[in-house]
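The structure appears right after this line, and notes come after that.
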Amino acid sequence: MERVLAGDIGAHEGREIRLLGWVHTRRDHGKLIFIDFRDRSGLCQAVTFSGEAEAFATMNTVRPEWVIEITGVVNKRPEKLVNKDIASGQWEVGVKTVRVINEAETLPIAVDTDGKEIGEEHRLKYRYLDLRRARLQKNLRNRHKVISLIRQYLTDKSFVEIETPIISKSTPEGARDYLVPSRLEKGSFYALPQSPQQYKQLLMVGGMERYFQIARCFRDEDTRGDRQPEFTQLDIEMSFTTPEEVMQLLEELYTKIVKDLYPHKKIMQTPFPRLSYKEAMEKYGSDKPDLRKDKNDPDELAFAFVVDFPMFEWKEREKRWDAVHHPFTQPKVESVADFDEKFATDPGEILAMQYDFVLNGYEIGGGSIRIHDPKLLSRVFEVMGNSKEEIQDKFGHILTAFQYGVPPHGGVAPGIDRLMMILENEPNIREVIAFPKTGDGRDIMMSAPSKVRPEQLRELGVKIDD
Ligand code: ASP
C-alpha cells in the first residue's frame, strides 16, 4: 500500500491508507485511543477502537515521539468533531494495524509547542528535536521556498550560480578572519571568506557577466541577535551594470518573493524609495531607517535603498581612513588625478557608488559598483594605509587580473538570514537557521569549538600558548 501523508488524507476518504511518522500526542478514552499522528506534512487524527484487538493492544503501549506505521480507513468526522486547527481536521483514520518502528525516550524538550517557553541553550542542545516543532518546520520549509524562488528568478535572467572556495585568502570586509592552518605549508594559513567578494569580481574578469551564489560567509565577530559567525548571503555580481540596474533587480526579486510567498504582507512603497545617506541621517538619524507607518504591525514591509554613502571614514583608533563599504567600491571621481585632488582636500567628502538595502530598520544587504581601474584601486589601498609591498602581497592577484581587460562591474549581497527572520516575524536569525551557534559562538549540540588531539596540532605545526 502506498504511503499517504497526514495532511493529504482527505483525498483518500473511504479508502484504506498507510501512514509513516511520529506519535505527536496520545489520548486514552478507555475503549478508544486517539493519537495525533505527525509527519512532514503536519498532523492527522487516528483513532483505534478496542474491537481492533491487536492494534488496540499496541496503541496502548505507544508514547509520544515513537515512530510508527499505521494502516486504516479514512473517515469523515461528524460536523461537531471537526478540528479547525489542522488542515486534515475534517477527517480521521480508523486504525486497523499499528507497527512500532522505533521507540523514543521521553523527550528532554516539548516539541508540540512553539518552543518560546523553553530556554534557548536547551533547545539548541537538542536542536534535532527542536526542529520537529511546527514553527521551525515552517521556517526552514519557507526558507527553502524563498531560496528556490531566488534561484529560479535569477536563472531566468541569465545569471549563473557558481561556487567559490571556502578555504581561501583573507579578504577585507572589515571583520576578523577565521584562519585555517595549512599542513603542507606549515606556518601559512587559509582564511575562510568573509564574502566571495574577490572571487566574484574575478569571475567578471573571467567573462561570466552575471553571477550569483547562495554563499556562506564567515566573520569572527562577537555574535549578536541578528549576527552569526557564519551566515548566508545571496551574492550577486554583474558586468556592464549601473546602481539603478542592481537596485531594480533586487526590487523586482523581493517584490516577487513577497507577492508569491507572503501575499498577506504589505509592501509599503514601490518603487522602493531611494534615500541619500545624508537625507537618511538628517531625517531619520539612521543609515537604515525604519520607514513603516505602524512599527507594531509585523506584516508591513518597508524596503528602501540608501545611496551616496561617503567612501571613507576616519578610524580614530588606527589613525587611518578606512573604506565605509570595502576598498573595491568605486568612489565618485573622474580619474586618479581627480581622486588624489579630492582626497587631499577632504577625504570624508568623497562619495561612493554604494547602495545599502534596508528593510524595517535592518540593513539587509549592501553592494557597490567596483573600481575597474587598477591604478585607482592601488591608490585606494594606499590611502587606507597599505604600503606598496602590502598591496602587492594582499591584492596583487586582483591588480594583475585587472590588467587584462576587466569589464566595469558591480554587485550586491543581501543576507538571507535577516530577510527570513523578518518575513517569518521571528525575533532573531537563529530561528531561521537549522543549526545556529549560541550568542557566544558555540555549537552546544556538537560541542564545538573543541580541543583537538596533540598529533593533529603537531601535524599542523601549531603549538597552543597557555
Ligand atoms: N561583499 C559585500 C558584503 O559582503 C557585498 C558586496 O559588495 O557585494 O557586504
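Numbering of residues begins at 1 and proceeds along the displayed sequence. Numbering of ligands and ligand atoms starts at 1, following listing order.
If you look at R370 next to ligand 1, the close heavy atoms, those under 4.0 Å, all belong to the side chain. At a 4.0 Å heavy-atom cut-off, ligand 1 does not touch E237 at all. Residue Q198 does not touch ligand 1, judged by heavy-atom distances below 4.0 Å. At a 4.0 Å heavy-atom cut-off, ligand 1 touches Q233 through the side chain alone. Proximity of T329 to ligand 1, defined as any heavy-atom pair under 4.0 Å, is not found for any part of the residue.
Around atom CE of M445, more than 12 heavy atoms belonging to other residues, nucleotides or ligands sit under 6.0 Å away. Atom CD of E117 has more than 12 neighbouring heavy atoms from other residues, nucleotides or ligands inside a 6.0 Å radius. The neighbour count for Y404 OH, taken as heavy atoms of other residues, nucleotides or ligands under 6.0 Å away, does not exceed 12.
Of all the atoms in ligand 1, the ones that sit under 4.0 Å from a non-hydrogen atom of V412 are 8 (O).
Considering backbone and side-chain N/O atoms, R219 comes within less than 3.5 Å of an N/O atom of ligand 1. At least one N or O atom of S195 sits closer than 3.5 Å to an N or O atom of ligand 1.
Ring-plane geometry between F395 and F381 is classed as parallel, the angle between the planes falling under 30 degrees on a 0 to 90 degree scale with a further cut at 60. Aromatic ring orientation, Y126 versus Y128: perpendicular (interplanar angle above 60°, classes split at 30° and 60°). Aromatic ring pairs are classed by plane angle as parallel below 30°, tilted from 30° to 60° and perpendicular above 60°; the pair F305 and F357 is parallel.
Atom 5 (C) of ligand 1 has its closest protein heavy atom at G366 O, 3.4 Å. Among protein heavy atoms, the minimum distance from atom 6 (C) of ligand 1 is reached at Q197 OE1, 3.2 Å. Atom 3 (C) of ligand 1 has as its closest protein heavy atom E173 OE1, 3.4 Å. The nearest heavy-atom contact from the protein to atom 8 (O) of ligand 1 is K200 NZ, 2.6 Å.
Between the side chains of E185 and S182, no donor N or O sits under 3.5 Å from an acceptor N or O.
Remark: of the listed residues R274, K278, K332, K332 is the sole one forming a side-chain hydrogen bond (donor to acceptor under 3.5 Å, both in side chains) with D308.
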